[in-house]
Structure formats: C-alpha cells, structure tokens
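To start, the structure itself, in structure tokens.
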Amino acid sequence: MELFLDTASLTEIRTMWDIGILDGVTTNPTLVSKEGRKFEDIIRDICALGVPSVSAEVVATDVNGMLAEGRRLRQIHSSVYVKCPMTPAGLTATKILAKEGTRVNMTLVFSANQALLAAKVGAAYVSPFIGRLDDQGQDGIELVRDIVTIYRNYRVPTKVLVASVRHPVHVLEAAKIGADIATMPYAVMEKLSAHPLTDIGLARFLKDWEKVPK
Ligand code: G3P
C-alpha cells in the first residue's frame, strides 16, 4: 500500500521523504490555510522535493471554474493530481480533465455510490473520508471495504485513496482490505514505526554492547 502524508507542511513532508517511506502528498484548502504561503508556491515546493504524487484541490464550485483551476494546477508540475469535489459539477469537470490527460483525485466521498460515479468519469483516485464518517457514528472502514469490492468486481482502474485517517488502526485495516493508498497526518505516520518494545529492545542491546571488550 502506498503511504501519503495529508499535509501542506514542507517540514513534515521533507522529514518523511528523507526517511524514505513517503509515496505522495495530499493537500486541501484547510491544510493550505495553516501555512501562510501562496497555494501554488507550496505545491511547487512539494513537487520539487521529488514527491511523485501531489494532490492540489480546486476551490471553484462551477464546471468552468474547476476546469480553469485544474488546468493551471496541472501546469505546475507533472506530479500534480487535481482534486475535484464529489458534486455534479465536480463529476463533469473530472470527466473533461481526465479526457485531457489530467489525473484527478475525487474528494469528499462518503458513499460507495459516489465512488462508483468517480470511477465512471475516469478519476485516477477516489478519496473516501473515513474519519469523518466514524465521527458521526458510521463505519468508515466498511465504506472502504465496499469500494474495494465494487472496483474489483468491475476491474476499475481508479485507485482507492483512504483519507481522513485518524490513527494507525485505520491504516492497518485499509491495508488488510487492499486499499491502494492511505493518506494520513504526520502524527499518524510517525506512529506507524513506533513500538515501546522496539525502544526497550534497542536500549538493552546498546547497554549490553558496552560490556563487549573493545
Ligand atoms: O485531505 C482530506 C482528508 O484527509 C481530511 O481529513 O482529518 O480533515 O477529516 P480530516
């Protein structure tokens, strides 16, 4: 499974990129608003690190506006994926952008039928928001299971990008189902490598190593 960071922070991205575990980055208007920098500059800088997949979201709500923004964003770098919302206008824009060769990440997906439509218009990624579903008492992981099953049934090439990830169990469950990608906050990615027994084991090895004659 590919692991993406859900952030617009260059510091966070650089850290995980340097460790060597990062496959891509997703951003959204909320994450971008925290950085205090121009949107396109942020996207350009992330791409310049060499990250092969960088999702940048349109904020227009009409088809023509989405097309204009999407076409401008994709010019920034070949790694850019354009994020369009799951609305009727977003579906139309996705269909046109996909036909032009732009890879679209269909975002704000909360049902399997929405994912079916995202595939129909040629989205490269579909982004079910599982944490937000959990927050309101629905099982986000069950949605991922449904989408993966449906896409397998019809050999759909759209990749399932699990978004709104809150903790490592979300990542584990998504991987067990066979989702293609999980995008997560920095704090969750940090936790993927952490285990207290690893720390205890390393401390013990280093202490014992001191007894070895040098
Ligand atoms: O970027 C889309 C999604 O991952 C947002 O997550 O935590 O705001 O629900 P969250």
Side-chain angles (χ1 to χ4, degrees), residues 1-13 16-17 21-35 37 39-40 42-43 45-47 51-61 66 69-70 73 76 79-87 90-91 93-94 103-112 114-115 117-118 123-148 158-175 177 179-192:
M1 184 168 64
E2 292 179 84
L3 301 179
F4 285 15
L5 265 183
D6 197 26
T7 184
S9 160
L10 213 60
T11 310
E12 293 182 354
I13 295 164
M16 291 305 174
W17 183 248
I21 57 172
L22 192 63
D23 299 303
V25 169
T26 50
T27 65
N28 63 38
T30 304
L31 295 169
V32 168
S33 73
K34 294 177 185 164
E35 298 305 307
R37 296 179 60 215
F39 176 38
E40 295 190 11
I42 292 172
I43 297 300
D45 287 351
I46 299 171
C47 292
V51 179
S53 172
V54 180
S55 286
E57 189 157 346
V58 301
V59 289
T61 54
M66 287 182 194
E69 283 181 37
L73 289 169
I76 294 176
S79 298
V80 170
Y81 283 64
V82 174
K83 262 175 127 177
C84 289
M86 171 50 71
T87 59
L91 286 166
T94 298
R103 293 164 303 183
V104 178
N105 175 351
M106 192 112 242
T107 190
L108 290 166
V109 167
F110 293 95
S111 79
Q114 289 180 323
L117 297 182
Y125 297 155
V126 66
S127 289
F129 277 29
I130 64 170
R132 292 191 196 183
L133 279 173
D134 288 358
D135 289 346
Q136 62 146 35
Q138 274 180 268
D139 189 344
I141 282 294
E142 276 312 304
L143 172 59
V144 175
R145 201 184 311 280
D146 283 348
I147 297 172
V148 168
T158 305
K159 286 188 173 182
V160 180
L161 190 163
V162 180
S164 187
V165 162
R166 300 271 194 263
H167 46 70
V169 177
H170 273 155
V171 181
L172 180 64
E173 291 300 321
I177 292 166
D180 301 283
I181 305 163
T183 190
M184 66 205 79
Y186 182 85
V188 174
M189 193 172 279
E190 251 190 332
K191 284 180 192 158
L192 295 186

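In each ligand, atom 1 is the first atom listed, and ligand 1 is the first ligand listed. It should be emphasised that the depicted structure is a prediction, and the values quoted were computed from it without experimental measurement.
No donor-acceptor pair closer than 3.5 Å links the side chain of E12 to the backbone N or O of T7. Within the 3.5 Å criterion, the main-chain N or O of R132 finds a donor-acceptor partner in the side chain of S164.
Closest to atom 10 (P) of ligand 1, if we only count protein heavy atoms, is R166 NH1, 3.4 Å. Distance from atom 4 (O) of ligand 1 to its nearest protein heavy atom, with residue and atom name: D6 OD2, 2.6 Å. Remark: minimum distance from atom 8 (O) of ligand 1 to any protein heavy atom is reached at R132 NH2, 2.8 Å. Among all protein heavy atoms, the one lying closest to atom 2 (C) of ligand 1 is F129 CZ, 3.2 Å. When hydrogens are left out, the protein atom nearest atom 6 (O) of ligand 1 is S164 CA, 3.3 Å; that is the closest non-hydrogen contact.
Distances shorter than 4.0 angstrom do not occur between any heavy atom of T26 and any atom of ligand 1. In this structure, M184 does not count as a contact residue of ligand 1, since none of its heavy atoms falls inside 4.0 Å of the ligand.
If you check the side chains of T183 and T26, you find a donor sitting under 3.5 Å from an acceptor. Counted by atom type alone, Y125 and T107 present zero donor-acceptor pairs between their side chains at under 3.5 Å.
Among all heavy-atom pairs drawn from P168 and K191, the shortest one is CG-CB, 3.7 Å. Residues C47 and V80 come closest through the heavy atom pair SG-CG2, 3.9 Å.
Contact annotation for E57 and ligand 1: no heavy atom of the residue comes within less than 4.0 Å of the ligand.
Taking only nitrogen or oxygen atoms, main chain and side chain alike, N28 reaches within less than 3.5 Å of ligand 1.
One finds a salt bridge joining D45 and R37 here, because a Lys/Arg side-chain nitrogen approaches an Asp/Glu carboxylate oxygen to under 4.0 Å.
For ligand 1, the atoms closer than 4.0 angstrom to any heavy atom of K83 are 1 (O), 2 (C).
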